[in-house]
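Read the structure below first, then the notes.
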Amino acid sequence: MLPEPFKTSDNGTFGEFTATQRWPTIIQNAIDDMNTELQSQSGECKKQGEAIAAQLVELRDEVAGNAPLRPFTHRETEIAAVPSCFNEYLADSRHQGATWFNAGWLFTEVYMYRRMNVLFKTHPLWTQFDIFNRLKQSTFHSSLHGVVELALRYKNLRLQLDKLSTQHDDETLRILFKEFIDISLWGNATDLSLLTNATLEDIKSIQGAQARKNAESKIVIDDTAKAWDALLKARTTARVDFVLDNSGFELYADLMLAAFLIHSNLVKNCVFHGKDIPYMVSDTMRKDFSALLEDLEDTKFFPTDDQASREALDVFAQDIRKLVKDGQLEFRADPFWTTDLDYWNLDPSETKYHGAQLHSDLVKSNLVIFKGDLNYRKLTGDRKWPRTTPWAEAIGPLATNGITLLSLRTCKADVQVGLPEGLDEKLSHAWEKDHPGKGSWWTSSGKWAVICFHSSR
């Protein structure tokens, strides 16, 4: 019998805290940003925007007041293209009487962002507005130091990658693969071992190995080697897919990994899968992909003090643009990724919400990288698995349906699987010392990470 999914009513969990504390704050931040945006608007646009702001206040109060979860109206469903799975969930007898603080955590969180999106879609002059864009841009702008550091690393290594592939120096490529995987995993963590002016010899040195070992101390499960082996079996012709998480710096790090894979001749092409609506505050949409390249090339957005840094930013942006032009890097957005459906629905039998369509495409990929915490939750059904449950068991049908997957997740939720006996107790005890009563929340702290691989091929 399967464990039940986490609920917002689970006492003492991070899910309960998220619903009662974080969601009202997220909506309030959206209200504040909307009011800022309205200062530059006038006429009918301002009138519609004021109506949206008022509706956001109502939604905030609805959440904070633990109101019942209502179905989407026929008009909302039609105008905002709301998938019917939301109303089907609420109509299910198992979920009768669901409220904001007493329902499935995964469902309710996704439902909240869909409710917010409906407010904009039902006002004609605001249908394309991203309420989270101001925060996305300001966060990326504040990452100048890390952005420049990685660009310099990339530029330094770029010319050496062709040499590595022609010399068949697989050992150095393996080290670099691990390095770029870790950069993609941690997002904003740039204090890894690749120094700005590192040579290939530096990377393979004892000092470099020690730096990598230190950085890996917080990765409690690490299947990087398995993913490396899978790519080697299909090198030069391989395809790698990224089911994306955050825009901004994390997307930048993902692009770094993709560029490395292609230029080292490990893979032929990469496909990026993003969101079709503003979602989870910072998740990547198509326009965020384009905006990132424009930001890198904008001397006002990323002012630099030296010519080398500016050249490095331009080189990387131009490199990505060329990969896109040549068809080696592609961005896609599918509405499946913004439904409440977990990834057990990536299955040939799921024909209603694109699950079968996506499955038939993803099985063609040699490696599908699922980025971030929400994707991990959807892979495992966000269920109350014992934390020692094997990864292959927790991902259900994904363990046998032909998709080769790699989950890169910094831990920010209650669900956690695949741990060796005793590790959860050890980490919970350590976290409890500084966080009384919340020892199990180490899995929600963002301080630890997992790299989980599985292939049924």
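All heavy atoms count here, side chains included; hydrogens, waters and symmetry mates do not.
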Six-ring centre of Trp344, Arg383 cation under 6.0 angstrom, axis tolerance 45° | yes
Does a salt bridge link Glu62 with Arg70, judged by any charged N lying under 4.0 Å from a carboxylate O?
-> no
Do Val267 and Asn366 touch side chain to side chain, with heavy atoms closer than 4.5 Å?
-> no
Are the aromatic ring centres of Trp337 and Tyr279 under 6.0 angstrom apart?
-> no
Distance-only donor-acceptor check, side chains Asp334 and His273, under 3.5 Å | no
Are any side-chain N or O atoms of Gln128 and backbone N or O atoms of Asp130, one a donor and one an acceptor, separated by less than 3.5 Å?
-> no
Is Glu171 paired with Arg174 through a side-chain N to carboxylate O contact shorter than 4.0 Å?
-> yes
Between the side chains of Arg387 and Ser440, is a donor N or O closer than 3.5 angstrom to an acceptor N or O?
-> no
How about Phe72 and Tyr111: are their ring centroids closer than 6.0 Å?
-> yes
Basic-acidic side-chain contact under 4.0 Å: Glu4, Arg94 | no
Hey, does the side chain of Tyr353 reach the backbone of Thr339 with a donor-acceptor pair shorter than 3.5 angstrom?
-> no
Taking the six-membered ring for Trp and the full ring for Phe, Tyr or His, determine whether the centres of Tyr252 and Phe249 are under 6.0 Å apart.
-> yes
Closest non-hydrogen atom pair, Leu408 against Leu185 | C-CD1, 3.7 Å
Would you mind checking if Lys178 and Asp222 are paired as a salt bridge, meaning a charged N to carboxylate O distance below 4.0 Å?
-> yes
Is the backbone N or O of Asn102 less than 3.5 Å from a side-chain atom of Thr8, with the two atoms forming a donor-acceptor pair by type?
-> yes
Heavy-atom neighbours of Lys384 NZ exceed 12 at 6.0 Å = yes
With a 4.5 Å limit on heavy-atom distance, are the side chains of Phe86 and Val110 in contact?
-> yes
Compute whether any side-chain donor of one residue and acceptor of the other, for Gln28 and Asp32, lie under 3.5 angstrom apart.
-> yes
Under 6.0 Å between the ring centres of Phe242 and Phe272?
-> yes
Any side-chain donor paired with an acceptor under 3.5 Å for Ser428 and Asp424?
-> yes
Within a reach of under 6.0 Å around CD of Gln96, are more than 12 heavy atoms found that belong to other residues, nucleotides or ligands?
-> yes
Between Ser184 and the options Asp245, Asp254, Leu251, the side-chain contact (heavy atoms from CB on, under 4.5 Å) test singles out Asp254
More than 12 foreign heavy atoms under 6.0 Å from NZ of Lys287: is that the case here?
-> yes
Heavy-atom closest pair, residues Asp373 and Lys412 = OD1-N, 2.9 Å
Indicate whether any N or O donor in one side chain lies under 3.5 Å from an N or O acceptor in the other, for Tyr154 and Asp319.
-> yes
So, Trp441 versus Trp431, ring centres under 6.0 angstrom or not?
-> no
